[in-house]
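Because the structure is a prediction, the values reported are computed rather than measured. What you see below is based on every heavy atom in this structure, not just the backbone, and it leaves out hydrogens, waters and symmetry mates.
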Amino acid sequence: VFSLWDTFRGLHPLFTIIEQKRTTDILNTFLQQHKESGRLPMWELSANETNCMIGFHSVSIITDAMIKNIGGYDKNAIYNAMCAAAAYTNWSIPKFNQDHFLQLDDESESVSKTLEYAYDNWCIAQIAKKLNKPKDYEMYMNRAQAYKNVFDKKTGFMRPRKNGNWLSPFEPREVNNHYTEANSWQYTFFVPQDISGLINLMGGEKSFEKKLDDLFSANSATEGRTQADI
């Protein structure tokens with residue numbers, strides 16, 4: 001069961017340490033799924049693709065394994081599958097690839113998708129570098145910087161955009177259709193591929209430290225729609 005939007009963050013990195021043989025099996029399963037369906041799994045449940053979450057985080061799991069030199073699969077075939085994932089025609093991925101961010105009229109949960117697509121492209125870039133594909137590396141690394149296009153320096157948050165402008169009014173605690181099972185307070189820190197870049201965007205280390213303190217001291221009550229698992 002590859003509920004990847006949940007498991008790429010912690011479970012699969014743990015597997016690369018304590019379940020390396022199983023990690024190889026997982027990657028070969030990904031390859032077989034790609035062979036049979038033409039795509040890597042997104043949020044698979046009981047051998048069925050649900051498409052219910054966002055991103056294409058199978059590439060994160062593959063990257064983690066390859067960088068840690070876990071083998072036992074066709075590296076070129078799995079790289080091609082990763083590249084295909086970044087070129088899917090659904091979920092406004094082509095629009096993201098063109099503009100390097102999504103606006104709210106492009107796609108629901110546009111801020112979360114922008115941030116997670118950026119991270120996934122960074123993952124592919126690491127394998128392009130490992131396989132000595134410099135042009136691919138440059139392209140995917142450029143997309144990985146897309147997070148900057150939804151960061152509003154005035155408020156210090158990742159915000160939805162409409163017609164090139166920031167959507168107003170804006171409340172970072174609000175649970176709405178621009179984020180995936182979260183709000184802006186939580187997603188503003190989702191730049192795992194470029195933490196130093198995020199620190200610079202926020203004005204340096206002191207400002208970033210204050211933002212972290214503010215996160216943990218802010219009122220935990222959310223606004224907008226009620227969603228118990230946030």
Side-chain angles (χ1 to χ4, degrees), residues 1-14 42-43 45 50-57 60 91-92 95-96 99-120 122 144-230:
V1 175
F2 297 128
S3 57
L4 296 177
W5 187 79
D6 307 89
T7 58
F8 86 93
R9 306 163 193 271
L11 180 64
H12 283 285
L14 177 63
M42 176 185 282
W43 204 85
L45 178 65
T50 67
N51 296 321
C52 75
M53 298 310 296
I54 70 170
F56 38 99
H57 297 314
S60 173
W91 312 291
S92 294
K95 185 71 171 173
F96 169 86
D99 297 342
H100 289 192
F101 72 100
L102 294 177
Q103 303 194 70
L104 65 91
D105 291 330
D106 296 326
E107 189 79 9
S108 64
E109 303 174 354
S110 60
V111 178
S112 296
K113 288 175 182 174
T114 295
L115 294 170
E116 298 204 18
Y117 292 171
Y119 166 69
D120 286 335
W122 179 88
Q145 295 294 300
Y147 72 91
K148 295 176 180 177
N149 295 323
V150 291
F151 182 79
D152 174 25
K153 289 187 177 181
K154 187 174 181 180
T155 62
F157 287 96
M158 302 291 180
R159 290 182 61 178
R161 294 179 62 175
K162 182 178 176 65
N163 297 326
N165 300 311
W166 302 115
L167 180 68
S168 295
F170 170 71
E171 167 54 62
R173 291 188 294 140
E174 184 179 33
V175 179
N176 54 42
N177 206 36
H178 310 306
Y179 305 90
T180 305
E181 295 186 9
N183 59 26
S184 183
W185 261 118
Q186 295 156 331
Y187 258 105
T188 291
F189 293 93
F190 189 84
V191 189
Q193 74 276 21
D194 190 14
I195 295 171
S196 61
L198 181 62
I199 290 172
N200 290 335
L201 267 187
M202 290 188 177
E205 290 187 2
K206 288 294 184 183
S207 296
F208 187 75
E209 181 182 351
K210 182 181 183 304
K211 191 74 170 183
L212 283 171
D213 288 341
D214 289 346
L215 169 67
F216 287 101
S217 61
N219 189 336
S220 62
T222 59
E223 296 188 7
R225 72 169 185 253
T226 300
Q227 195 164 344
D229 58 350
I230 296 179

Rounded to the nearest 0.5 Å, what's the gap from [atom1] on [X] to [atom2] on [Y]? Could you check?
{"X": "N149", "Y": "H100", "atom1": "CG", "atom2": "NE2", "result": "8.5 Å"}
{"X": "K206", "Y": "I199", "atom1": "NZ", "atom2": "CD1", "result": "12.5 Å"}
{"X": "N51", "Y": "L45", "atom1": "CG", "atom2": "CG", "result": "12.0 Å"}
{"X": "M42", "Y": "L4", "atom1": "CE", "atom2": "CG", "result": "9.5 Å"}
{"X": "M202", "Y": "E209", "atom1": "CE", "atom2": "CD", "result": "13.0 Å"}
{"X": "F208", "Y": "L201", "atom1": "CZ", "atom2": "CG", "result": "10.5 Å"}

Do the side chain of [X] and the main chain of [Y] share a donor and acceptor less than 3.5 angstrom apart?
{"X": "R161", "Y": "S110", "result": "no"}
{"X": "K113", "Y": "W91", "result": "no"}
{"X": "N163", "Y": "N165", "result": "no"}
{"X": "S108", "Y": "N177", "result": "no"}
{"X": "T50", "Y": "W43", "result": "yes"}
{"X": "D120", "Y": "G55", "result": "no"}
{"X": "N183", "Y": "Q186", "result": "yes"}
{"X": "R173", "Y": "W185", "result": "no"}
{"X": "S92", "Y": "D106", "result": "yes"}

How close do [X] and [Y] get, heavy atom to heavy atom, and via which atoms?
{"X": "Y147", "Y": "L198", "value": "OH-N, 3.7 Å"}
{"X": "A146", "Y": "T114", "value": "O-CG2, 3.9 Å"}
{"X": "V175", "Y": "T222", "value": "CG2-CB, 3.8 Å"}
{"X": "Y179", "Y": "E109", "value": "O-CG, 3.6 Å"}

Hey, would you say the F157 and Y187 ring centroids sit under 6.0 Å apart?
->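 F157 vs Y187: aromatic centres not under 6.0 Å.
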Going through the distances and angles, do T155 and W166 end up as a side chain to side chain contact (heavy atoms under 4.5 Å, CB included)?
CA-CA 11 Å; T155 62; W166 302 115; over 6 Å; no
Check the pair F96 / E107 against side chain to side chain contact (heavy atoms under 4.5 Å, CB included), numbers first and verdict last. CA-CA 10 Å; F96 169 86; E107 189 79 9; over 6 Å; no
Requested in this report: Would you please classify the geometry between the F2 ring and the H12 ring as parallel, tilted or perpendicular, with 30° and 60° separating the classes?
Outcome: tilted
Inset, instruction - Using the six-membered ring wherever Trp is involved, compare the ring planes of H57 and F8 and label them parallel, tilted or perpendicular (cut-offs 30° and 60°). - result: parallel
- Carefully, step by step, assess K162 and S168 under the rule side chain to side chain contact (heavy atoms under 4.5 Å, CB included). CA-CA 9 Å; K162 182 178 176 65; S168 295; over 6 Å; no
Exercise. Stepwise, does the side chain to side chain contact (heavy atoms under 4.5 Å, CB included) test hold for M158 with T188?
Worked result: CA-CA 5 Å; M158 302 291 180; T188 291; 3.8 Å; yes
Take a 6.0 Å sphere around CD of E205 and say whether it holds more than 12 heavy atoms from other residues, nucleotides or ligands. no
Notebook entry, point to check: Do you see a donor-acceptor pair shorter than 3.5 Å between the side chains of E181 and W5?
Noted result: no
